[in-house]
S.K.: 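Can you keep this structure in mind? I'll have questions shortly.
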Amino acid sequence: MKSVLENRPALAAEVEKVAEVAGYLWQKGWAERNGGNITVNITEFVDDEIKALPAISEVYPIGAELPHLKGCYFYCKGTNMRMRDLARRPMENGSIIRILDDCASYVIIADNPVKPTSELPSHLSVHNYLLAKGSPYRASVHTHPIELVAMTHTKKFMEKDVATRLLWSMIPETKAFCPRGLGMVPYLMPSSVELGEQTIATIDDNYDVVMWEKHGVFAVDTDVMAAFDQIDVLNKAAQIYISAKNMGFEPDGMSDEQMRELSVTFGLPK
């Protein structure tokens with residue numbers, strides 16, 4: 001069967017980026033079994049021929065009404081699919097969906113009837129919020145970075161901006177490439193509506209990367225690679241911190257003055 005990606009280089013490139021990131025998540029040990037999810041708004045790459053494609057699935061409810069997603073298209077990792085498999089065969093381990101006019105349901109249109117992740121309501125709710133505020137962000141990534149998750153197993157780092165301050169201080173690149181820091185969401189049931197709502201509230205508090213206590217990270221950005229990069233940089237800082245602790249000392253970290261100088265030099269948000 002002909003893939004919807006054929007003769008559509010821009011759309012194919014977006015899906016290839018998802019596959020590349022999926023491979024990185026697996027290689028880093030952040031995507032055990034079917035862990036983690038990726039959802040990308042691909043509406044800008046959809047032409048009239050794709051819009052005319054019939055559904056290849058039944059109509060599925062989203063579980064929420066999301067008015068800003070009317071007529072939007074998303075590439076989504078499939079439920080129970082492994083990142084290591086998606087990296088090799090993205091259109092067999094993920095699918096493209098169309099949000100219907102009721103803004104509360106969707107159908108799968110390509111390439112195969114692979115039902116999206118169980119966390120789709122949370123992902124789509126965030127995308128609805130991003131479109132509502134006019135954000136250029138089109139990608140969301142959820143994964144399980146080992147060191148960052150480990151840090152949430154103590155209440156100290158769950159306090160607002162405590163982990164952010166520490167991670168920024170480990171290496172200059174952290175603040176330079178993750179200038180909004182790390183928002184924290186206390187433990188909630190995975191895939192729940194409440195988790196989606198708290199994630200949106202935390203993003204609204206000016207964060208691009210949100211830490212779910214004892215669970216994983218949820219990041220948004222302009223594309224899937226940029227979202228991955230933010231997680232990668234933050235987890236590198238966590239690795240530096242933990243390495244110092246394992247060597248038997250508390251790392252000094254950069255001073256507040258050094259970080260202020262960095263912010264001024266690179267024009268970072270305060």
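Since the structure is predicted, the reported quantities are computational estimates derived from the model, not experimental observations.
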S.K.: Do you see a donor-acceptor pair shorter than 3.5 Å between the side chains of Asp208 and Tyr137?
M.R.: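 Their side chains do contain a donor-acceptor pair, which is all the 3.5 Å distance test asks for.
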
S.K.: With hydrophobic residues grouped by side-chain heavy-atom distances under 4.5 Å, do Met259 and Met170 end up in a single group?
M.R.: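 No.
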
S.K.: Any chance you could measure Leu25, atom CG, to Glu32, atom CD, to the nearest 0.5 Å?
M.R.: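 Between atom CG of Leu25 and atom CD of Glu32 there are 10.5 Å.
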
S.K.: For the side chain of Asn128 and the backbone of His68, is there at least one donor-acceptor N/O pair under 3.5 Å apart?
M.R.: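 The answer is yes, because a donor-acceptor pair under 3.5 Å joins these two groups.
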
S.K.: For the atom pair CZ (Arg84) and CH2 (Trp26), what is the distance rounded to the nearest 0.5 Å?
M.R.: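 Between Arg84 CZ and Trp26 CH2, I get 4.5 Å after rounding to 0.5 Å.
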
S.K.: Within a radius of less than 6.0 Å around CZ of Phe266, do more than 12 heavy atoms belonging to other residues, nucleotides or ligands occur?
M.R.: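 Open.
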
S.K.: side-chain contact (heavy atoms from CB on, under 4.5 Å), that's the test. Do Ile97 and Cys76 meet it? Break it down for me.
M.R.: CA-CA 8 Å; Ile97 68 170; Cys76 309; 3.9 Å; yes

S.K.: Under a 4.5 Å cut-off applied to non-hydrogen side-chain atoms, are Val107 and Ile109 in contact?
M.R.: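 Yes, their side chains come closer than 4.5 Å.
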
S.K.: Using a 4.5 Å cut-off on heavy atoms from C-beta on, say whether the side chain of Leu66 contacts that of Leu131.
M.R.: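 They are not in side-chain contact.
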
S.K.: Does Ser95 reach the main-chain N or O of Pro113 with its side chain, forming a donor-acceptor pair under 3.5 Å?
M.R.: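 No: the side chain of Ser95 does not pair with the backbone of Pro113.
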
S.K.: Quick one: does Lys77's side chain have a donor or acceptor within less than 3.5 Å of a partner on Gly36's backbone?
M.R.: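 At least one qualifying donor-acceptor pair exists.
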
S.K.: Around Lys155, counting heavy atoms of other residues, nucleotides and ligands shown, do more than 12 lie under 6.0 Å from its NZ?
M.R.: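 No - once you tally the heavy atoms of other residues, nucleotides and ligands closer than 6.0 Å, there are 12 at most.
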
S.K.: Quick one: do Leu124 and Val126 satisfy side-chain contact (heavy atoms from CB on, under 4.5 Å)? Show the steps, please.
M.R.: CA-CA 5 Å; Leu124 291 183; Val126 171; over 6 Å; no

S.K.: Could you walk me through whether Met91 and Val4 pass the side-chain contact (heavy atoms from CB on, under 4.5 Å) test, one step at a time?
M.R.: CA-CA 9 Å; Met91 296 307 291; Val4 74; 4.1 Å; yes

S.K.: Count I, L, V, M, F, W, Y as connected when their side-chain heavy atoms are under 4.5 Å apart, and connections chain through other members. Are Tyr75 and Val21 then in the same cluster?
M.R.: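 Both belong to a single hydrophobic cluster.
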
S.K.: Do you see a donor-acceptor pair shorter than 3.5 Å between the side chains of Thr39 and His127?
M.R.: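 Side chains of Thr39 and His127: no pair found under 3.5 Å.
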
S.K.: Give a yes-or-no answer on whether the side chains of Gln230 and Asp221 include a donor-acceptor pair shorter than 3.5 Å.
M.R.: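 Yes, side-chain donor-acceptor contact under 3.5 Å.
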
S.K.: Under 3.5 Å, which donor-acceptor pairs link side chains of residues 54-63 to any protein atom two or more places apart or in another chain?
M.R.:
from: Ser57; atom 1: OG; to: Ile108; atom 2: N; distance (Å): 2.9

S.K.: Testing the basics here: between Pro186 and Met184, what is the closest heavy-atom pair and its distance to 0.1 Å?
M.R.: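 Answer, listing the atom of Pro186 first, then Met184: CD-O, 4.0 Å.
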
S.K.: Parallel, tilted or perpendicular for His215 and His144, by the 30°/60° rule?
M.R.: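 The rings of His215 and His144 sit tilted, inter-plane angle from 30° to 60°.
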
S.K.: Mind checking the NZ-OH spacing from Lys115 to Tyr106? Nearest 0.5 Å is all I need.
M.R.: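 Separation between the atoms: 5.0 Å.
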
S.K.: So which heavy atom on Val217 is nearest to which on Met211, and how close?
M.R.: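 Heavy atoms only, the tightest pair is CG2-SD, 3.4 Å.
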
S.K.: Can you tell me how far the NZ atom of Lys236 sits from the CZ atom of Phe177, to the nearest 0.5 Å?
M.R.: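 It comes to 11.5 Å.
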
S.K.: Under 3.5 Å, is there a donor on one side chain and an acceptor on the other for Tyr129 and Asp204?
M.R.: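 Tyr129 vs Asp204: donor-acceptor pair found between side chains.
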
S.K.: Side chains of Pro251 and Lys245: closer than 4.5 Å at any heavy-atom pair?
M.R.: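 Side-chain contact under 4.5 Å: yes.
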
S.K.: For Gly216 versus Val149, what's the shortest heavy-atom pair and its separation?
M.R.: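 Shortest heavy-atom separation between Gly216 and Val149 comes out as CA-CG2, 3.9 Å.
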
S.K.: Which heavy-atom pair separates Gly35 from Met83 by the least distance, and what is that distance?
M.R.: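 So the two residues come closest at O-CG, 3.8 Å.
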
S.K.: Are Arg165 and Asp256 ion-paired here, with the side-chain N under 4.0 Å from a carboxylate O?
M.R.: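 Yes, charged N to carboxylate O under 4.0 Å.
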
S.K.: Is it the case that the side chains of Asp102 and Ser105 hold a donor-acceptor pair, with the cut-off being a distance below 3.5 Å and no angle test?
M.R.: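 Yes, a side-chain donor-acceptor pair sits under 3.5 Å.
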
S.K.: If we count only N and O atoms by modelled type, under 3.5 Å, do the side chains of Asp161 and Tyr207 hold a donor and an acceptor together?
M.R.: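 On atom types as modelled, these side chains qualify, holding a pair under 3.5 Å.
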
S.K.: Under the side-chain contact (heavy atoms from CB on, under 4.5 Å) criterion, do Phe218 and Val209 qualify, and how do the steps go?
M.R.: CA-CA 6 Å; Phe218 186 95; Val209 187; over 6 Å; no

S.K.: Check this for me, if you would: do Arg8 and Asp47 make a salt bridge, where the nitrogen-to-carboxylate-oxygen distance has to be below 4.0 angstrom?
M.R.: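 Result for this pair is yes, salt bridge flagged.
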
S.K.: If every non-hydrogen atom of Pro179 is compared with every non-hydrogen atom of Trp168, which pair is closest and at what distance?
M.R.: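 Between these two residues, the closest heavy atoms are O-CZ2, 3.2 Å.
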
S.K.: Distance only, no hydrogens: is a donor on one side chain within 3.5 Å (strictly under) of an acceptor on the other, for Arg82 and Asn34?
M.R.: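 Note: Arg82 and Asn34 side chains miss the donor-acceptor criterion.
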
S.K.: Between Asp111 and Lys2, is there a salt bridge with N-O shorter than 4.0 Å?
M.R.: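 Answer for the salt bridge query: no.
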
S.K.: Would you say Phe74 ends up clustered with Leu53 if hydrophobic residues are merged whenever their side chains have heavy atoms under 4.5 Å apart, either directly or through other cluster members?
M.R.: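 No; Phe74 is not reachable from Leu53 via cluster members.
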
S.K.: Without swapping roles, check the side chain of Thr174 against the backbone of Ala237 for a donor-acceptor pair under 3.5 Å.
M.R.: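 No, the answer is negative, given that no donor and acceptor are paired below the 3.5 Å cut-off.
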
S.K.: Taking C-beta and beyond as the side chain, do Lys28 and Asn235 meet within less than 4.5 Å on heavy atoms?
M.R.: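 No, their side chains stay 4.5 Å or more apart.
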
S.K.: Measuring only between side-chain heavy atoms, which start at C-beta, is Leu167 closer than 4.5 Å to Met151?
M.R.: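 Contact flag for Leu167/Met151 side chains = yes.
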
S.K.: From Leu234 CG over to Lys175 NZ, what is the distance, rounded to the nearest 0.5 angstrom?
M.R.: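 One gets 12.0 Å once the value is rounded to the nearest 0.5 Å.
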
S.K.: For atom CD of Glu261, decide whether the heavy atoms of other residues, nucleotides or ligands shown that lie under 6.0 angstrom number more than 12.
M.R.: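 Counting neighbours around CD of Glu261, 12 or fewer heavy atoms of other residues, nucleotides or ligands fall under 6.0 Å, so no.
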
S.K.: Kindly work out whether a path of hydrophobic side-chain contacts (I/L/V/M/F/W/Y, heavy atoms less than 4.5 Å apart) joins Ile38 to Met81.
M.R.: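 They do not share one cluster, since no chain of ILVMFWY contacts under 4.5 Å joins Ile38 to Met81.
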
S.K.: Which heavy-atom pair separates Thr43 from Tyr73 by the least distance, and what is that distance?
M.R.: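 Smallest interatomic distance, heavy atoms only, reads OG1-N, 2.9 Å.
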
S.K.: Within the supplied structure, the quantity of interest is the number of heavy atoms (other residues, nucleotides, ligands) at a distance under 6.0 Å from Lys70 NZ; does it exceed 12?
M.R.: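 Result for NZ/Lys70: open.
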
S.K.: Salt-bridged, Lys17 to Glu20, with N to O below 4.0 Å?
M.R.: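 Salt bridge: no.
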
S.K.: Rounded at 0.5 Å granularity, tell me how far NE2 in His123 sits from OG in Ser118.
M.R.: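 One gets 8.5 Å once the value is rounded to the nearest 0.5 Å.
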
S.K.: Transitively linked via ILVMFWY side-chain contacts under 4.5 Å: Leu130 with Ile231?
M.R.: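 Not linked; separate clusters.
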
S.K.: Would you please say whether a donor-acceptor pair under 3.5 Å links the side chains of Thr152 and Trp212?
M.R.: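 No, no side-chain donor-acceptor pair sits under 3.5 Å.
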
S.K.: Mind checking whether Met189 and Leu195 have side chains closer than 4.5 Å, heavy atoms only?
M.R.: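 They are not in contact (no side-chain heavy atoms under 4.5 Å apart), so the answer is no.
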
